[in-house]
Amino acid sequence: MAYVDGFVLAVPKDKLDDYKAMARLGAEVWMEHGALSYVECIGDDVPYGELTSFPRAVQAKEDEIVIFSWITYKDRASRDEINAKVMSDERLKAGMANMPFDGKRMIYGGFESFLER
């Protein structure tokens, strides 16, 4: 079964175009290095919950939008190998110092699939 890296983050609305450009480049690089899929989603129906919610999880501010994304791989070993290549890819290095969001508030992690349909 596939292995998935998942991400939730908040992007300032005035930097959304910059984020989209960064995501397009990221998709190109990850796919070239062997990822099975790369998906980026803009929050459309993500209410601010009383106790928990996507906006609360990333401490989204009034002028920010929640992004939910994931990358799939054949398995964990493939993910580790692909991510090592991605992190050393020169195309991404310039953007890492100038990200259009606060990386400290990004939630991310790797997940092993147990059900796929």
Legend entry - CG-CD1 distance between Leu16 and Ile67, expressed to the nearest 0.5 angstrom: 5.5 Å
Inset, instruction - If a pair satisfies salt bridge (Lys or Arg N to Asp or Glu O under 4.0 Å) and one of its residues is in residues 27-44, list it, with sequence neighbours excluded. - result: Glu28-Arg91, Glu32-Arg91
Inset, instruction - Answer yes or no: are there more than 12 heavy-atom neighbours, outside Lys104 itself, under 6.0 Å from its atom NZ? - result: no
Inset, instruction - State whether a side-chain donor-acceptor pair under 3.5 Å links Asp5 with Asn83. - result: yes
Legend entry - Residue pair Val66 / Ala60: nearest heavy atoms and the distance that separates them: CG2-CB, 4.3 Å
Distance-only check: which donor-acceptor pairs under 3.5 Å involve side-chain atoms of residues 106-117, not counting sequence neighbours?
residue	atom	partner	partner atom	Å
Ser113	OG	Ala2	O	2.8
Glu116	OE2	Ala2	N	2.8

Inset, instruction - State whether Arg76 and Asp80 are salt-bridged, where the test is any N-O pair (Lys NZ or Arg NE/NH1/NH2 against Asp/Glu carboxylate O) under 4.0 Å. - result: yes
Inset, instruction - Identify the heavy atoms of Pro100 and Pro12 that sit nearest to each other, and give their distance. - result: O-CD, 3.3 Å
Inset, instruction - Report yes if some heavy atom in the side chain of Trp30 is under 4.5 Å from a heavy atom in the side chain of Leu92; otherwise report no. - result: yes
Legend entry - Ring centers of Phe54, Phe68 separated by less than 6.0 Å: yes
Inset, instruction - Could you state whether Ile42 and Val58 fall into the same hydrophobic cluster, counting links through intermediate Ile, Leu, Val, Met, Phe, Trp or Tyr residues with side-chain heavy atoms under 4.5 angstrom apart? - result: no
Legend entry - Selection residues 45-69 - residue pairs positive for salt bridge (Lys or Arg N to Asp or Glu O under 4.0 Å), sequence neighbours left out: Glu64-Arg105
Legend entry - Connected via hydrophobic side-chain network under 4.5 Å: Met99 and Val8: no
Legend entry - Taking every non-hydrogen atom, the tightest pair across Ala35 and Ile71: CB-CG2, 3.7 Å
Inset, instruction - Identify the two heavy atoms, one from Leu36 and one from Met31, that lie closest to each other, and give their separation to 0.1 Å. - result: O-CE, 3.5 Å
Inset, instruction - Nearest 0.5 Å please: distance from the OG atom of Ser69 over to the OH atom of Tyr19. - result: 4.5 Å
Legend entry - Met22 side, atom CE; Lys15 side, atom NZ - distance, nearest 0.5 Å: 11.5 Å
Inset, instruction - State yes or no: do Trp70 and Ile65 share one hydrophobic cluster built from I, L, V, M, F, W and Y residues joined by side-chain heavy-atom distances below 4.5 Å, directly or via other members? - result: no
Inset, instruction - Look at the side chain of Ser78 and the backbone N and O of Tyr73, then say whether any donor-acceptor pair between them is shorter than 3.5 Å. - result: no
Legend entry - Joint cluster assignment, Val39 & Val29, ILVMFWY side-chain distance < 4.5 Å: no
Legend entry - Over all atoms of both residues, closest heavy-atom pair of Phe101 and Ala10: CB-O, 3.4 Å
